[in-house]
Amino acid sequence: MPSAPMVMNDDPTLMFTNAGMNQFKDIFLGYSDAKDKRVANTQKCLRVSGKHNDLEEVGVDTYHHTMFEMLGNWSFGDYFKEEAIAWAWEYFVDVLKLKKEDIYVTVFGGDEKEGLVADEDAENIWKKHIDADRVLRCGKKDNFWEMGETGPCGPCSEIHIDIRAEDDREQDARELVNKDHPHVIELWNLVFMQFDRKKDGHLEDLPSTHVDTGMGFERLAMVVQGHRSNYDSDVFRPIIAAIEGLSNKQYGKDEAVDIAMRVIADHLRAVSFSIADGQMPSNTGAGYVIRRILRRAVRYGSSTLGLKEAFIHSLVPMLVKQMGEQFPELKANERTIVSVINEEENSFLRTLDQGVDRIEQLLASGEKTIDGRKAFELFDTYGFPIDLTVLIAKEHDVEVDMPGFEKALQEQKERSRGAVNSEAEDWTILDQHMGNPFVGYDKLISEVQIKRYRKVTENDQEHYDLVLENTPFYPEGGGQVGDTGELISENETIKILDTRKENDLIIHKADRRPEDPAGSFKASVNSNDRKRSELNHSATHLMHHALREILGEHVEQKGSLVTPDKLRFDLSHFKQISAEEIDQVNDRVNEMIRSDFPLEEDRTLSLDKAKAMGAMALFGEKYGDEVRVIRFGPSTELCGGTHVESTGRIGTFIITSESALASGIRRIEALTGQAALDHIKSQIEELREVRSAFKDPNDLLKTIKSVLETQKSLSKELEKTKKGAVKDLVPDLLKSAEEIDGVKFIAQKVDLDAKSMKDLAFNMKSLADDLFLVLGSAQNGKALLTVMVSDSLVEQKGLKADEVIKAISGEIKGGGGGQPFFATAGGKDATGLENAFLKAKDCLG
Ligand code: ATP
Ligand code: MG
């Protein structure tokens with residue numbers, strides 16, 4: 001089987017695939033039947049968040065990656081421990097010719113507290129193949145596997161290998177198994193699923209047992225090629241060599257340099273594969289994780305390798321050359337990957353500079369510790385890892401308030417967790433047989449029974465998840481939102497708030513528990529919303545086709561949202577879509593609407609046939625063997641969504657916005673049907689109002705342009721007049737001066753704005769060299785103060801405008817600052833101006 005996408009769409013507990021078993025969860029949970037009972041595959045995994053988070057190890061050690069390939073063989077209710085162990089042994093010893101003397105295996109040794117017995121079956125099977133003293137019993141942490149807090153689980157058996165050098169083998173390898181030794185490492189884990197963990201913690205036997213094995217491809221390559229670091233194998237060597245070339249530094253001479261090169265080589269893969277699967281770097285969720293991985297690589301490049309300019313994107317073509325054949329999504333998206341990484345690198349390098357400025361500011365403040373919150377801000381906003389902040393601070397003899405930092409970090413974690421604070425109880429099962437087919441392509445109402453239900457508490461709000469024997473409710477997917485509607489029985493009506501698919505199960509979010517769950521119900525979809533979604537979904541297909549016709553074949557769908565109200569579509573395109581092009585797309589789509597193409601639907605085509613018909617498969621999307629194809633005239637798409645019977649129903653289509661989503665990715669929003677018409681009408685109405693405001697001119701645009709011209713010249717006039725008025729004030733002000741100790745002290749209220757006061761002050765300054773001028777003004781209830789001191793007074797008397805401002809601005813309930821010869825302040829209280837003048841005079845004192 002091919003690898004499933006690395007970026008998860010239909011599992012609320014995971015952002016990324018972190019193990020081979022993720023894509024088979026529905027089978028293990030008993031939601032779907034396995035089509036094939038035996039499967040083997042390689043799965044792209046990313047371990048950077050949640051339960052498996054190896055990020056901090058990556059690069060520092062030589063055998064953990066963020067993104068890696070997990071090889072696996074699977075039994076769905078077929079073979080079990082006996083065969084799985086025998087075959088693993090055969091593969092390592094007979095096929096790969098690994099040395100028996102280097103291999104150790106672990107089995108589950110039991111756990112009294114949990115009431116779990118040791119896995120003697122596995123132990124005895126192993127002893128048929130390998131010396132008994134190489135079979136080690138280990139605890140629950142390493143040798144009991146669980147899918148999550150509830151669900152399938154069971155003992156596992158790991159195969160470890162000793163790859164230490166001959167002269168490094170004093171210690172018995174048995175003591176190093178599962179002890180994070182870089183040269184005694186786990187290669188392969190055989191998981192035997194035999195139990196089902198219930199919400200209250202007790203275990204039940206699974207109706208049928210399964211095997212799930214996972215073996216790290218990169219570690220295997222290292223071992224088979226006789227190396228002691230994954231990065232020395234031919235999986236990584238070419239990338240490391242390229243980084244050596246770019247940085248003019250050699251790998252293997254200096255540990256800090258080596259770590260940096262490993263981090264970059266690893267992260268290049270993680271980020272490229274994520275983007276190929278459709279996950280753009282962003283500020284939230286999975287996108288934020290990707291952004292942080294990339295930033296980690298940029299920072300290592302810049303601080304350790306001296307690579308101060310964007311360079312990671314330049315490594316992409318060689319990665320594509322290396323892996324693009326096995327993973328065609330890389331090849332197909334090469335240009336997008338390069339362009340997105342390049343833009344991300346450049347924007348981060350800019351923030352990195354700002355971050356350095358910010359640290360310097362903090363250090364210049366003279367404080368001996370950097371506040372934890374400020375360190376967190378550096379981390380969060382500028383992507384500065386805390387160790388870097390600590391390092392820079394230390395160079396200046398400054399400490400970082402670590403408890404404060406930890407606290408801020410914790411608070412942020414809680415904030416983000418808050419968003420998905422959801423707890424589900426065990427399913428109450430009314431009928432074990434799942435079935436659960438979607439009948440909503442053909443009808444919006446269906447007679448149903450409830451098969452299972454459970455209570456879910458989400459941020460203190462309760463609702464019930466329901467699974468039905470069949471359902472007309474469309475579960476969110478392919479961009480189209482889930483259906484809403486009602487379940488109706490003789491005695492009650494239950495609201496369905498949303499519908500989604502989880503591990504292949506269609507789940508209805510109900511506002512409450514049915515009073516009689518075993519009763520019969522009429523499931524009825526909110527047809528008004530559904531129909532409006534259909535207009536938008538079919539229009540999305542037409543627009544996709546038009547975009548490829550008008551902009552070119554490089555246009556690929558990068559994301560889509562279809563709701564009853566509007567449609568949104570993200571596509572790869574490397575410059576702004578011009579107004580003329582938008583216009584052409586509008587025309588083309590509306591032309592296809594008027595052609596009234598009928599819906600041609602084929603629900604069970606093979607993927608190959610569908611592709612031959614011209615349907616494009618999307619990367620990052622999981623397809624079964626049989627796919628559904630939707631055609632409207634020239635448009636052919638693989639699609640599971642619901643559609644109009646013929647394009648004429650869409651009525652009207654209009655694009656309302658076009659913008660940049662990321663480098664190389666554009667976002668279009670559009671409306672259809674009545675919403676499109678309403679939009680057009682409101683634009684016409686607005687235009688009518690504008691025309692009438694301008695007294696219905698013949699040429700509106702010309703009129704507006706000339707009004708703007710007039711306004712511009714009037715402001716110039718006004719500016720001149722103000723300057724004149726300022727000059728006119730000078731003689732009177734000078735006359736009002738009070739001579740105190742050789743200083744001409746002037747304090748006056750004027751009716752001027754801030755800029756004119758400044759002009760006035762500078763005018764005065766050029767007229768006398770012993771002035772101490774304080775101007776006050778009240779504008780819209782707010783008070784302004786301006787202080788000017790002649791240079792000679794600053795030098796000889798130490799009279800400073802900025803100090804004066806500080807001393808007097810309290811009188812107007814405000815504050816300000818400036819320089820020794822000129823300073824200003826604003827405040828809330830204009831009645832305090834006179835007192836401010838008196839205080840200023842005291843400054844002469
Ligand atoms: P370890 O203890 O070495 O972190 P694990 O117990 O987390 O391994 P599993 O979850 O059992 O590993 O994954 C199965 C196999 O996948 C491992 O035996 C190993 O070969 C590989 N593997 C696990 N994590 C990584 C990683 N971060 N990078 C590369 N390979 C990995
Ligand atoms: Mg691990």
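All of these numbers come straight from a predicted model, not from anything done at the bench. Each ligand, and each atom within it, is numbered from 1 in the order the structure gives.
Using cut-offs of 30° and 60° on the angle between ring planes, the pair Phe76 and Phe24 is tilted.
Applying the side-chain contact (heavy atoms from CB on, under 4.5 Å) criterion to Ser247, with sequence neighbours excluded, gives Lys249, Met261, Leu305, Leu307. Phe311 pairs by the ring pair (Phe, Tyr, Trp, His ring centres under 6.0 Å) definition with nothing, not counting sequence neighbours.
For the pair Arg134 and Tyr104, the cation-pi criterion (under 6.0 Å, within 45° of the ring axis) is fulfilled.
Under the ring-ring contact (aromatic ring centres under 6.0 Å, His included) criterion, no residue pair touches residues 145-166, with sequence neighbours excluded.
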Please step through side chain to side chain donor-acceptor pair (under 3.5 Å) for the pair Gln171 and Lys179, ending with a clear verdict.
CA-CA 13 Å; Gln171 197 173 356; Lys179 293 284 172 347; over 6 Å; no
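If you look at ligand 1, the protein residues with a non-hydrogen atom under 4.0 Å away are Arg47, His52, Asp54, Tyr63, His64, His65, Phe68, Met70, Glu186, Leu187, Trp188, Asn189, Gly214, Gly216, Arg219.
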